[in-house]
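Note that this is a predicted model, so its numbers are computed, not measured.
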Amino acid sequence: MALSQSDIEALEIKEKQYLVPLGEPKELYLKIHPTGRKVFQLREQKLKKYITIGEFRKGLLSLAEARKEAIKILQQLRSGDFIDNKNKKFTLNMANDHYIETIGKKLSYFTIKKEQGTFVKYIQPMLGEKPINLLEKKDFLPIYDHMNSKNIYSTLNKSIAFICRILELARQRGELKTNIIVDLKDLQKYYRLINDDCNVKHFKALVEEKEVKFMLECMKEYRQRARVNVNIINAIYFTLLTAQRSKNIRFAKWSEIDFDNNLWVIQAEDMKVKSNGENIIPLNEYALKILQIQKMFNVNKEYVFFNFDKCISDNFASKFFKMYDLKHTIHGFRSTFRSICTEKSNELIKLGIGKDIAEMILHHVNGSEVERAYNRSKAIDLRKQLMNWYGEYLNSLCPFDFK
């Protein structure tokens, strides 16, 4: 028969601790200690789970509340959703550390630096020490509302995606037991929706030949303006001519340039996908001319494109695009390169240049795998042919005038 609150209060204290079944549910017990403490326990024999619910104290934890909690725990145990104390201790910081130790090894230094910079600045102060199984959507709302108010929607969106990645890794290890990833993806949709309503621009890449020509004409005119920052316009040209990510342009070092062989060799650890190995980009005559100009006034600097003693900023091209009201960004230059190679594929095939060579330049494939199909020297020669052809193609649309 199920005991009542008054029955519990009347239970005697003995020299040794003992258990009293409370019924409703049958797995609920009360442990009476010699000190007088009376503690509610859930004892699920089949699953071998013995869980302390809390101490019976008038005004704090009643029998009715203990019954309610016991039923809730039983439901979680049987559905596989129960979170024990071990899993409660696995914090967001610990999940992030595991991500760095595993997935982080495959990413470039710059990618990790950017991800961790946002995590440390916005997420870690409030949620770093919170167990991942106790995280709720409402925990992230103040953080992301603050970021959204600062008009850094892109950073906000990437942050949610990053948190989902580290939590997914924890879920696969069995550490995460909740549906917080689904909740965060819903939150991502919410911010996407309200920012679309605020007319956030989604920039596209240049794909039409007339668009590429117009942009080259704008670049030429911009270069001739008084007091223009030569570092910046040269960096924009170099990004277009090499089809590399803007962050690799920003952090390009003189030590990476092989002037003897006219190559730019970026080490694997500095690429977005480390596992694809180093990236070898042949430098056509126009890219080399830009480097010669840069060398005249910053040969003693570490970076090819610099701002005082540091590399140029991550939004180095924004002023140019805004000035000419171009609906594109420098990040689309890689898509421009790929689109041109696809559009002119018949011409390139006649030169013996296949689609895989363009993908090597973009570092979308592992260079060593393609090199096995051609041999290393042949693969580099084909890359040189492609980048020389690409430079001449751009020059035919609007002749370069580097002085």
Where the side chain of [X] meets the backbone of [Y], is there a donor-acceptor pair that is under 3.5 Å apart?
X	Y	answer
D183	K137	no
D258	N261	yes
H98	I103	no
Y99	L167	no
N395	G391	no

Contact summary for [X] and [Y], nearest pair of heavy atoms:
X	Y	value
N133	T178	O-CG2, 3.4 Å
I380	P282	O-CG, 4.4 Å
I73	I51	CG2-CD1, 3.8 Å
T91	E129	CG2-O, 3.4 Å
T242	I361	O-CG2, 3.9 Å
M387	L241	CE-O, 3.2 Å

Atom pair [atom1] ([X]) and [atom2] ([Y]), whose distance is rounded to the nearest 0.5 Å:
X	Y	atom1	atom2	result
I166	L169	CD1	CG	9.0 Å
N248	I281	CG	CD1	7.5 Å
H33	K14	NE2	NZ	14.5 Å
K355	S345	NZ	OG	10.0 Å
C311	R250	SG	CZ	4.5 Å
T155	Y122	OG1	OH	6.5 Å

Salt bridge (charged side-chain N to carboxylate O under 4.0 Å, His left out) pairs touching residues 109-126, sequence neighbours excluded, are E115-R165
Here the salt bridge (charged side-chain N to carboxylate O under 4.0 Å, His left out) pairs for residues 385-398, sequence neighbours left out, are none
Is there a side-chain contact between [X] and [Y], using heavy atoms and a 4.5 Å cut-off?
X	Y	value
L127	I163	no
L19	K31	yes
Y29	L22	no
Q188	N157	yes
S62	Q5	yes
R223	N234	yes
I181	L176	yes
T118	M147	yes

Checking E347 against W389 for the side-chain contact (heavy atoms from CB on, under 4.5 Å) test, could you report, in this order, the C-alpha distance in whole Å, the side-chain angles of both residues, the deciding distance, and whether it holds? CA-CA 10 Å; E347 184 177 337; W389 172 90; 2.9 Å; yes
Before giving the answer on side chain to side chain donor-acceptor pair (under 3.5 Å), spell out for Q124 and N96 the whole-Å C-alpha distance, their side-chain angles and the decisive distance to 0.1 Å. CA-CA 10 Å; Q124 193 177 63; N96 182 53; over 6 Å; no
Would you confirm whether the ring centroid of Y237 sits within less than 6.0 angstrom of the ring centroid of Y286?
-> no
Next item on the list: Determine whether the aromatic ring centres of Y390 and F337 lie less than 6.0 Å apart.
Entry: yes
Would you call [X] and [Y] a salt bridge, using N to O less than 4.0 angstrom?
X	Y	answer
K213	E208	no
E175	R173	yes
E168	R171	yes
K130	E136	no

Heavy atoms of other groups near [X] [atom1], more than 12 under 6.0 Å:
X	atom1	value
K38	NZ	yes
E343	CD	no
F214	CZ	no

Mind telling me whether F251 and Y303 have parallel, tilted or perpendicular rings, with 30° and 60° as the class edges?
-> perpendicular
Indicate whether any N or O donor in one side chain lies under 3.5 Å from an N or O acceptor in the other, for [X] and [Y].
X	Y	answer
T111	K247	yes
H364	R334	yes
Y393	E209	yes
D7	S4	yes

Applying side-chain contact (heavy atoms from CB on, under 4.5 Å) to I353 and R383, what does each step give before you reach the verdict? CA-CA 8 Å; I353 302 170; R383 272 183 271 191; over 6 Å; no
Between W264 and Q244, is a side chain to side chain donor-acceptor pair (under 3.5 Å) present by the stated rule, with each step listed? CA-CA 11 Å; W264 178 21; Q244 296 308 297; over 6 Å; no
Only one of F333, F400, F316, F305 passes ring-ring contact (aromatic ring centres under 6.0 Å, His included) with F238, and that residue is F305
Is there a side-chain contact (heavy atoms from CB on, under 4.5 Å) between M360 and L382 once you walk through the steps? CA-CA 10 Å; M360 287 178 72; L382 288 172; over 6 Å; no
query: Step by step, would you call L187 with L141 a side-chain contact (heavy atoms from CB on, under 4.5 Å)?
result: CA-CA 8 Å; L187 203 56; L141 275 171; 3.6 Å; yes
